[in-house]
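Model, not experiment: these values are computed from the prediction. Proteins come first, then strands; the chains are lettered A, B, ... in the order of their sequence lines, and each starts at number 1. Side chains are part of it too, since the values below use all heavy atoms of this structure and drop only hydrogens, waters and symmetry mates.
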2 protein chains.
Amino acid sequence: MQYIKIMEAINEQIDAGLLTAGNKLPAERKLAESFNTTRITLRESLALLESEGKLYREDRRGWFVSPEPLRYDPTLTTNFSSMATDQGRVARSELLDAKLVPASRRAASLLSVSPFTEVYRIDRLRFLDERPVMVVTNFILPEYFPNLLELDVTTSLTDTYREHYNTLYAKTRYRVSTTSLLGETAQALRATAGSPAMFIERLNYDQHGRMIDCDLEYWRHDALSIESVATLSKG
Amino acid sequence: MQYIKIMEAINEQIDAGLLTAGNKLPAERKLAESFNTTRITLRESLALLESEGKLYREDRRGWFVSPEPLRYDPTLTTNFSSMATDQGRVARSELLDAKLVPASRRAASLLSVSPFTEVYRIDRLRFLDERPVMVVTNFILPEYFPNLLELDVTTSLTDTYREHYNTLYAKTRYRVSTTSLLGETAQALRATAGSPAMFIERLNYDQHGRMIDCDLEYWRHDALSIESVATLSKG
DNA sequence: GAGTGGTCTAGACCACACG
DNA sequence: GTGTGGTCTAGACCACTCA
């Protein structure tokens, strides 16, 4: 159980403040040497700290100490940007793509439309304090948002809906699970293939109770903690 | 990227139904041989499938195909047992421990009491279809539940509160994050140290708005998906 | 008792990041 | 160009599970 001991040793350095948020760890070979072990064993320790959310990896760049997670309340309309600002963080988004496409199987099933129905698809990469932390794909029903792509979609969707279509988010159905990052998603987040991730699926309804769009969000799992308050109802 | 290909190959077998929920995979050495690789590389593929929630490990027993996750709605009072039953699953709980203890640092901070204040601590292990999936620790404020430990605490706390203390859960504040299983928690869940997990912290209030207890839940991360509906309010 | 998974060693090559 | 992380090889020993 050597790798547990190494994990604890690194953990202590983080808790003691010797390694602070954003710091890069020494090279794996150096760490392995200083703990008198091999790279494989050392990497086991690092993977453990990664899955606890204490460290994260940037593909081929090394290991870093994780900053505080963003507190995410799925029951607030607050968008990503104001959520971050409210918590004293700096948010930024990059538009990856925006186009009209035939609904993917997953999107069709979520939005209850037949496969290949045309929907808007908007892909964004979200940064928190200049670290890429989330990739989100929105599938939007065009019937409620004619000519959406002619507007400025680089800003908040919430704002665009409100300002141009008099539409508000009123209800959301969400699902949270864990998964791992692969392919383009991993690349966009500068993550190594297989990094642990949180997956959040949201299905959104407007003030008239109509389903208007859905979100598929892939988060670096150390970057968020989901927090909310609920008034309980009987199941 | 051999390990990605192996992962995909195993994935296909699961999707094709050749491997179904609960099935044990062949021995690592045999799998490695049949994929013409080493155990280390093969284990990388398996770890990937584990973090996607497709496979899980039982410590020293091998790799198994994950069953469907339990849908968990934090806004329902529904307890573990009825949640499972409602979804056609079989639930069982084992009482690990129940005693009066000085509040741990974490418990004290959650319950807003001074450290070392005495609180009830109840530890349970929850099974889903005979698979251990969650370890939960309850810290309970004794002032609202005198002589709690003299009652039958092997059953549902919700029921005990209602039947003996006329107390209902009315509001909950919850936080979800990811972590990994270590030590006793891992052992209780028959998991290898370092297995990925979901951590759910709940702070519960009764019908008079009084904070009455808190839960700390460690879930095998493939065993649940958090799902809920929220009416949105402005942040 | 045989075989398994958990853990560890001691290397290697490559493509990429970074200076 | 140097060094890094990503990936992979080919073993080994041990403690445990299970038949």
Exercise for review: Could you pull out all residues at least two apart from A:Arg126 that satisfy salt bridge (Lys or Arg N to Asp or Glu O under 4.0 Å)?
Suggested key: none

**Study point:** Least distance between heavy atoms, A:Gly194 atom then B:Leu48 atom
**Key:** CA-CD1, 3.1 Å

Study note, to complete from the structure: Residues pairing under side-chain hydrogen bond (donor to acceptor under 3.5 Å, both in side chains) where one sits in residues 38-50 of chain B, two or more places apart or in two chains, turn out to be B:Glu28-B:Arg39, B:Glu28-B:Arg43, B:Thr38-B:Thr41

Check your understanding: Taking DNA chain D as the partner, which of residues 32-41 of chain A come within under 4.0 angstrom of it by heavy atom?
Key -> A:Arg39, A:Ile40

**Study point:** Contacts of type side chain to side chain contact (heavy atoms under 4.5 Å, CB included), residue B:Asp123, not counting sequence neighbours
**Key:** B:Leu96, B:Asp97, B:Arg121, B:Thr137

Revision key, fill the gap. The side chain to side chain contact (heavy atoms under 4.5 Å, CB included) partners of A:Ser104 (sequence neighbours excluded) come to A:Arg106, A:Ala107, A:Phe139

Study note, to complete from the structure: The ring pair (Phe, Tyr, Trp, His ring centres under 6.0 Å) partners of A:Tyr120 (sequence neighbours excluded) come to none

**Study point:** Results of ring pair (Phe, Tyr, Trp, His ring centres under 6.0 Å) for A:Tyr56 - residues two or more places apart only
**Key:** A:Phe64

Which pairs would a plain distance check flag for residues 10-19 of chain A, meaning a side-chain donor or acceptor within less than 3.5 Å of a matching protein atom at least two apart in sequence or in another chain?
{"from": "A:Asn11", "atom 1": "OD1", "to": "A:Lys54", "atom 2": "NZ", "distance (Å)": "2.7"}

**Study point:** Which residues share a salt bridge (Lys or Arg N to Asp or Glu O under 4.0 Å) with A:Arg60, sequence neighbours left out
**Key:** none

Point to revise | chain B contact limits on DNA chain C, taken 5' to 3' with a cut-off of 4.0 angstrom to heavy atoms | key: C:dT4 to C:dT9

Between the protein and nucleotides 14-19 of chain D, list every N/O to N/O distance that falls short of 3.5 Å.
none

Revision key, fill the gap. Across all chains, not counting sequence neighbours, the ring pair (Phe, Tyr, Trp, His ring centres under 6.0 Å) partners of B:Trp63 are none

